[in-house]
Amino acid sequence: MELCVALDLPSSYENLKLLEGLKNENIWVKVGLRSFIRDGRTFIEDIKSINPNFKIFLDLKLYDIPNTMKDSLEEIAKIGIDMVTIHASSGYEAMEVVANYAKTLSKAPLVMAVTALTSFNQEGFCEIYHNDLDKSVLEFAKLAYKAGINGVVCSCFESKMIKENLGKDFLTLTPAIRPFGEDSGDQKRVATLEDAKEAMSDFIVVGRPIYKAENPSAVAKRILENI
C-alpha cells in the first residue's frame, strides 16, 4: 500500500510549504483539479524541485470523447506525470483508446478509472446512474479491466470486491481515507487505515488529516509506519 498526499490547500505557496515538511517521505503527491487549474505545469515543476523523487498523481478525472482523452494523455505524459485519472463512465471505447495509447509511450503514467465518486451515497448515485451503487462500481471496474486500464478509483467498501473479482494485480486507489477515524467532512464513503488494509487497497489518498494537522509530517510518518 502506498500513500498519496492530496494538495488541496488554497494556494500553491501553502501546498509547497506542506511538501517541504514532507520532502524526505516516500509519498505520492496528488495534484487535483483546483491546484492544476490555478497553478498549472509550473506547479508540477515546483513539486519536483522540492524532491525529484516525488511521484506525481494528477487527478483530473478526464471525461471526453476518446480522441480528446488520448490527446490529453499525450500532453500529460510530457509533463512527467506518474499516475492520472479518467472516468470509467466515459465508456469502453474511450478507455481502450487511452490504454492502447499509453502502451506506446516510453514512460506512461498509470491510468486509473474512477468508478463512483466517494461523495456519492446510494441515493445520490441512483439519481444520476439509475442503478445500484455496488453493482455499478463492479461493472465499471470490469469494463476498465477489459479495456486494459491499470486499475480503478473506488471507495474501500468496493476495493475488496473488485480484487476478488478481477485479481490482485488490478490496482485499486481509495480516496476519502481518514486514517485514524478523523471527521469525514463532505465525503460519504470514508474509511480508516485498517479498512484500507482489509480492502487490499494499493494506494490510499489522505488530504485533510495531514494538511490540517498541527504537525503534518508526524501524521504522514505515522501513516507510513502503519502501512
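These values consider heavy atoms only, across backbone and side chains, with no hydrogens, waters or symmetry-generated copies. Count residues from 1 along the sequence. Nothing here was measured: the structure is a model prediction, and the numbers come from that model.
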**Asked** How close do Pro179 and Thr192 get, heavy atom to heavy atom, and via which atoms?
**Response** O-CB, 3.7 Å
**Message:** Do Ile86 and Val111 have side chains that approach each other closer than 4.5 Å (heavy atoms only, starting at C-beta)?
**Reply:** yes
**Prompt:** Would you say the side-chain atoms of Thr172 pair up with the backbone N or O of Val152, donor to acceptor, closer than 3.5 Å?
**Reply:** no
**Asked** Who pairs with Lys160 by salt bridge (charged side-chain N to carboxylate O under 4.0 Å, His left out), at least two apart in sequence or on another chain?
**Response** Glu198
**Message:** Rounded to the nearest 0.5 Å, what separates atom CG in Leu173 from atom OG in Ser155?
**Reply:** 11.5 Å
**Message:** Run the ring pair (Phe, Tyr, Trp, His ring centres under 6.0 Å) test against Phe125 and tell me which residues pass, sequence neighbours left out.
**Reply:** Phe120, Tyr129
**Asked** Atom CD1 in Ile149, atom OH in Tyr92: separation rounded to 0.5 Å?
**Response** 10.0 Å
**Sidechain N-carboxylate O distance under 4.0 Å for Lys142, Glu139** = no
**Value rounded to 0.5 Å, distance of OG in Ser159 from CZ in Phe203** = 11.5 Å
**Request:** Start with the C-alpha gap between Leu133 and Val137, add the side-chain angles, then the distance that decides, and say whether side chain to side chain contact (heavy atoms under 4.5 Å, CB included) holds.
**Result:** CA-CA 6 Å; Leu133 196 155; Val137 166; 3.8 Å; yes
**Prompt:** Side-chain contact, heavy-atom cut-off 4.5 Å: Leu3 with Val205?
**Reply:** no
**Message:** If you compare all heavy atoms of Ala213 against all heavy atoms of Pro209, which two are closest, and at what distance to 0.1 Å?
**Reply:** CB-O, 3.5 Å
**Message:** Does Tyr13 have more than 12 heavy atoms from other residues, nucleotides or ligands lying within 6.0 Å of its OH?
**Reply:** no
**Prompt:** If you measure from the Lys or Arg side-chain nitrogens to the Asp or Glu carboxylate oxygens, is any gap between Glu194 and Lys197 under 4.0 Å?
**Reply:** yes
**Prompt:** Where do Ala6 and Tyr211 come nearest, in terms of heavy atoms and distance?
**Reply:** O-CD2, 3.5 Å
**Minimum side-chain heavy-atom gap Asn67-Val97 below 4.5 Å** = no
**Derivation of the salt bridge (charged side-chain N to carboxylate O under 4.0 Å, His left out) call for Glu75 and Lys78** = CA-CA 5 Å; Glu75 298 305 320; Lys78 291 176 184 177; 3.3 Å; yes
**Asked** Mind checking whether Phe157 and Met200 sit in one hydrophobic cluster, side chains of I, L, V, M, F, W, Y counted as touching below 4.5 Å?
**Response** no
**Prompt:** Do Leu224 and Ile210 share a hydrophobic cluster (ILVMFWY, side-chain heavy atoms under 4.5 Å, transitive)?
**Reply:** yes
**Asked** What are the two closest non-hydrogen atoms of Arg38 and Pro10, and how far apart are they?
**Response** NH1-O, 2.8 Å
**Message:** With a 6.0 Å cut-off (strictly less than), is the heavy-atom count around CD of Glu74, excluding the residue itself, greater than 12?
**Reply:** yes
**Message:** Asp202: which residues meet the side chain to side chain donor-acceptor pair (under 3.5 Å) condition with it, sequence neighbours left out?
**Reply:** Lys163
**Item:** pair Val5-Val29: side-chain heavy atoms closer than 4.5 Å
**Value:** no
**Complete:** Here the side-chain hydrogen bond (donor to acceptor under 3.5 Å, both in side chains) pairs for residues 40-50, sequence neighbours left out, are none
**Request:** Begin with the C-alpha distance, continue with both residues' side-chain angles, and end with the deciding distance and a verdict on side chain to side chain contact (heavy atoms under 4.5 Å, CB included) for Leu19 and Ile47.
**Result:** CA-CA 8 Å; Leu19 282 185; Ile47 291 170; 3.8 Å; yes
**Asked** For Leu110 and Val84, what are the C-alpha separation, side-chain angles and deciding distance, and is it a side chain to side chain contact (heavy atoms under 4.5 Å, CB included)?
**Response** CA-CA 6 Å; Leu110 291 172; Val84 66; over 6 Å; no
**Asked** For the hydrophobic clusters of this structure (ILVMFWY residues joined by side-chain heavy atoms under 4.5 Å, transitively), does one cluster hold both Val206 and Leu33?
**Response** yes
**Message:** Tell me if the CD atom of Glu123 is crowded by more than 12 foreign heavy atoms within 6.0 Å.
**Reply:** no
**Message:** Could you report the tightest heavy-atom contact between Ala88 and Met95, atom names first, then the distance?
**Reply:** O-CE, 3.6 Å
**Item:** Side-chain (Ser35) to main-chain (Val31) donor-acceptor, under 3.5 angstrom
**Value:** no
**Asked** Do Glu158 and Thr174 touch side chain to side chain, with heavy atoms closer than 4.5 Å?
**Response** no
**Item:** Non-hydrogen side-chain atoms of Glu2 and Asn26 separated by less than 4.5 Å
**Value:** no
**Prompt:** Roughly how far, to the nearest 0.5 Å, is the CZ atom of Arg222 from the OG atom of Ser217?
**Reply:** 14.0 Å
**Message:** Please say yes or no: joined through hydrophobic side-chain contacts below 4.5 Å, possibly via intermediate residues, are Ile81 and Phe43 part of one cluster?
**Reply:** yes
**Item:** Smallest separation among heavy atoms of Ile50 and Glu20, with atom names
**Value:** CG1-OE2, 3.6 Å
**Message:** Around atom CG of Asp132, are there more than 12 heavy atoms from other residues, nucleotides or ligands closer than 6.0 Å?
**Reply:** yes
**Shared hydrophobic cluster, Val153 / Tyr63 (ILVMFWY, side-chain heavy atoms < 4.5 Å)** = no
**Request:** Report the distance from atom CG of Leu22 to atom NZ of Lys17, rounding to the nearest 0.5 Å.
**Result:** 12.5 Å
**Message:** Please enumerate all residues that pass side chain to side chain contact (heavy atoms under 4.5 Å, CB included) together with Lys212, with sequence neighbours excluded.
**Reply:** Arg208
**Message:** Counting C-beta onward and ignoring hydrogens, is there a side-chain heavy-atom pair between Ser12 and Asn15 closer than 4.5 Å?
**Reply:** no
Could you pull out every donor-acceptor pair under 3.5 Å between side chains of residues 51-62 and any protein atom, sequence neighbours left out?
residue, atom, partner, partner atom, Å
Asn51, OD1, Asn53, N, 2.8
Asn51, ND2, Lys23, O, 2.6
Asp59, OD1, Lys61, NZ, 3.3
Asp59, OD1, Thr85, OG1, 2.7
Asp59, OD2, Lys30, NZ, 3.2
Asp59, OD2, Lys61, NZ, 2.8

**Request:** For residues Phe140 and Ile162, determine if any side-chain heavy atom of one lies less than 4.5 Å from a side-chain heavy atom of the other.
**Result:** no
**Check against side chain to side chain contact (heavy atoms under 4.5 Å, CB included), Tyr145 and Asn165** = CA-CA 11 Å; Tyr145 179 84; Asn165 279 270; over 6 Å; no
**Message:** Nearest 0.5 Å, please: how far is CE in Met69 from NE2 in His87?
**Reply:** 9.0 Å
